[in-house]
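Here is the structure we will look at, set down as structure tokens.
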Amino acid sequence: MNALEIRHDLGTSVTVRDGGTELFRYVYQPDTVQLESPKPYIHPLRTRAGKVVSLFRPHDHVWHKGIAWSLPHVGEENFWGGPTYIHGRFYVQLENNGTQAHRRVVDLDRADGTATFAHDLDWTTQSGALFFTERRTLRASLISPHAWALTFETRMTNVSGTDVAMGSPTTKGRENAGYGGLFWRGPRSFTGGQFVTEEGLGGDEVRGRRMEWMGFAGRHDETDAQSLVLMVDDAANPSHPPQWFARSEEFACLNPAPFFSEELAIEDGATVRFRYGVGIADAEASAAPALADAVRETLARSDAITAAGESA
């Protein structure tokens with residue numbers, strides 16, 4: 001397997017390449033308008049064969065941007081983008097669209113077949129109050145001739161001066177709309193695609209169910225090729241295994257949602273950690289269990305790398 005290459009466009013983004021294929025671009029300092037809650041995002045996201053498996057700023061939800069760490073209810077603030085759900089009024093546009101702002105690069109490295117990027121961020125409300133500081137780490141590695149894995153880890157520290165509850169529209173009263181967390185928006189051609197879980201293939205009824213991992217198999221226009229995107233929730237995450245917000249109708253998305261139906265209160269000064277593995281493969285739905293196993297192993301290696309760094 002090829003060695004990964006990593007390129008840093010100072011002050012803007014990091015790109016990881018697999019030979020002639022750009023696997024992903026992580027834009028850590030975007031030019032997003034305030035209404036869409038400015039935040040880093042991963043797009044484009046590609047398979048090893050070069051198939052694009054993400055969508056940026058779709059007209060139906062312009063705040064959806066590839067893969068992004070998006071939180072709709074952080075106290076009374078919105079770090080998701082767009083309007084805020086208010087029970088009895090539905091969605092209302094408020095002046096509460098916060099920003100996840102890049103502060104400094106912590107790590108940029110390529111070693112032992114893994115490309116790593118880590119940086120610090122400040123979570124600031126639209127009114128200018130600092131709510132959280134964050135250390136975010138992304139690692140990419142190749143796992144087979146047809147697949148690669150991305151690990152996403154975040155450590156968020158509450159510096160707001162008060163306890164803050166993270167939630168979702170469901171915790172605010174909207175049934176079965178518990179989105180929030182690491183959110184993937186798939187290409188238009190994936191609409192109507194197939195969910196796959198440990199229990200086999202499933203439809204939209206998987207939304208709200210608890211499971212360790214979930215995959216989405218979709219087809220590409222023009223070539224009719226299939227690709228598989230899969231997310232694994234780390235066992236140490238709060239609310240593991242999570243409830244999932246997932247859709248195949250209207251549009252394709254996956255989201256292991258840690259605040260789906262219950263808020264997570266973070267005390268002032270406390271730090272909360274989340275970690276996920278994402279598998280991207282040139283494969284059909286039947287490859288999902290083996291891909292989940294490989295991504296789980298990648299998560300374990302990433303944890304060992306983090307522990308070694310903390311003890312050094």
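Side chains of Thr47 and Leu23 form no contact here, defined as non-hydrogen atoms less than 4.5 Å apart. Between Glu250 and Thr191 the shortest side-chain heavy-atom distance does not fall below 4.5 Å. Considering only heavy atoms from C-beta on, Asp163 stays 4.5 Å or farther from Ile266 through its side chain. Side-chain contact between Pro242 and Phe260 is absent, with no heavy-atom pair separated by less than 4.5 Å. Within the 4.5 Å cutoff, the side chain of Thr116 has no heavy atoms near those of the Leu108 side chain. By the 4.5 Å heavy-atom criterion applied to side chains, Arg209 and Arg207 are not counted as neighbours. Met156 has its side chain within reach of Met166: a pair of non-hydrogen atoms, C-beta onward, lies under 4.5 Å apart. Leu254 places a side-chain heavy atom less than 4.5 Å from the side chain of Phe195.
Glu262 and Thr171 share no side-chain donor-acceptor pair at under 3.5 Å. Counting only N and O atoms by type, the side chains of Ser160 and Thr162 include no donor and acceptor under 3.5 Å apart. For the 3.5 Å distance criterion, the side chains of Thr114 and Arg139 fail to qualify, holding no donor opposite an acceptor.
In this structure, Arg89 is not positioned above the aromatic face of Tyr91 in the sense of NZ or CZ being under 6.0 Å from the six-membered ring centre and within 45° of the axis. A cation-pi geometry, defined here as NZ or CZ lying under 6.0 Å from the six-membered ring centre and within 45° of its normal, does not hold between Arg188 and Phe251.
Counting non-hydrogen atoms of neighbouring residues, nucleotides and ligands closer than 6.0 angstrom, the CZ atom of Arg7 reaches no more than 12 such neighbours. A 6.0 Å sphere centred on CD of Glu267 holds no more than 12 heavy atoms belonging to other residues, nucleotides or ligands. Counting non-hydrogen atoms of neighbouring residues, nucleotides and ligands closer than 6.0 angstrom, the CD atom of Glu205 exceeds 12 such neighbours. The 12-atom threshold is not exceeded at CG of Asp112, counting heavy atoms of other residues, nucleotides or ligands nearer than 6.0 Å. Around atom CD of Glu76, no more than 12 heavy atoms belonging to other residues, nucleotides or ligands sit under 6.0 Å away.
One N or O on the side chain of Thr298 and one on the backbone of Ala294 form a donor-acceptor pair closer than 3.5 Å. With Thr170 contributing its side chain and Arg174 its backbone, the two residues share a donor-acceptor pair below 3.5 Å. A donor-acceptor pair under 3.5 Å is formed between the side chain of Ser189 and the backbone N or O of Arg219. Under a 3.5 Å cut-off, the side chain of Asp268 and the backbone N or O of Gly161 do form a donor-acceptor pair. Looking only at distances, no side-chain donor or acceptor of Asn237 sits under 3.5 Å from a matching main-chain atom of Pro241. A donor-acceptor pair under 3.5 Å links the side-chain atoms of Ser239 to the main chain of Pro258, judged by distance alone. Looking at Asp9, its side chain never comes within 3.5 Å of a backbone N or O of Thr12 through a donor-acceptor pair. The main-chain N or O of Gly19 is never found under 3.5 Å from a side-chain atom of Glu5 such that the two would form a donor-acceptor pair. Gln34 places a side-chain N or O within 3.5 Å of a backbone atom of Asn97 that can act as its donor or acceptor partner. Looking only at distances, no side-chain donor or acceptor of Asn255 sits under 3.5 Å from a matching main-chain atom of Trp244.
Annotation: His220 is in aromatic contact with Phe190 [ring centroid separation under 6.0 Å]. Taking the six-membered ring for Trp and the full ring otherwise, the centers of Tyr28 and His8 sit less than 6.0 Å from each other. Between Trp148 and Phe24, the distance from one ring center to the other falls under 6.0 angstrom. Between Tyr26 and His119, the distance separating the two ring centers is shorter than 6.0 angstrom.
Once rounded to the nearest 0.5 Å, the distance linking CD1 of Ile6 with CZ of Phe117 reads 7.5 Å. Note that CD of Gln126 is 5.5 Å distant from CD of Glu95, once rounded to the nearest 0.5 Å. Note that CG of Leu121 and OG1 of Thr133 are 9.5 Å apart. Values are rounded to the nearest 0.5 Å. Interatomic distance, CH2 of Trp213 versus CG of Leu230, reported as 5.5 Å (0.5 Å rounding). With rounding to the nearest 0.5 angstrom, the NE2 atom of His61 is 12.5 Å from the CD atom of Glu36. Rounding to the nearest 0.5 angstrom, the gap separating the CE atom in Met214 from the CD atom in Glu199 is 9.5 Å.
Remark: of the listed residues Trp184, Tyr41, Trp80, Trp80 is the sole one forming a ring-ring contact (aromatic ring centres under 6.0 Å, His included) with His64. Between Asp120 and the options His102, Arg104, Arg155, a side-chain hydrogen bond (donor to acceptor under 3.5 Å, both in side chains) holds for only Arg104. Residue Tyr85 is tested with Ser168, Pro72, Pro169 for a side chain to side chain contact (heavy atoms under 4.5 Å, CB included); the sole match is Pro169.
We find that Arg46 and Glu22 are joined by a salt bridge, their nearest charged nitrogen and carboxylate oxygen being less than 4.0 Å apart. A salt bridge links Lys172 to Glu263: at least one charged side-chain nitrogen sits closer than 4.0 Å to a carboxylate oxygen. Salt-bridge annotation for Arg136 and Glu153: absent, with no side-chain N of the basic residue lying under 4.0 Å from a carboxylate O of the acidic one. Ion pairing between Glu134 and Arg103 fails under the 4.0 Å rule for side-chain N and carboxylate O. Between Arg275 and Asp303 there is a salt bridge, since at least one side-chain N of the basic residue sits less than 4.0 Å from a carboxylate O of the acidic one. Remark: Arg185 engages Asp60 in a salt bridge, criterion side-chain N to carboxylate O under 4.0 Å.
Taking all atoms of both residues into account, the shortest heavy-atom contact from Leu201 to Ala285 is CD2-CB, 3.8 Å. The heavy-atom pair separating Pro256 from Asp233 by the smallest distance is CB-OD1, 4.3 Å.
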Given side-chain contact (heavy atoms from CB on, under 4.5 Å), test Ile143 with Glu297 step by step and report yes or no.
CA-CA 10 Å; Ile143 55 179; Glu297 292 175 4; over 6 Å; no
Can Trp69 and Phe79 be said to form a ring pair (Phe, Tyr, Trp, His ring centres under 6.0 Å), step by step?
CA-CA 9 Å; Trp69 181 243; Phe79 290 91; over 10 Å; no
Go through the steps for Lys51 and Asp282 under the test side-chain contact (heavy atoms from CB on, under 4.5 Å), then give the verdict.
CA-CA 8 Å; Lys51 301 293 190 297; Asp282 294 290; 4.0 Å; yes
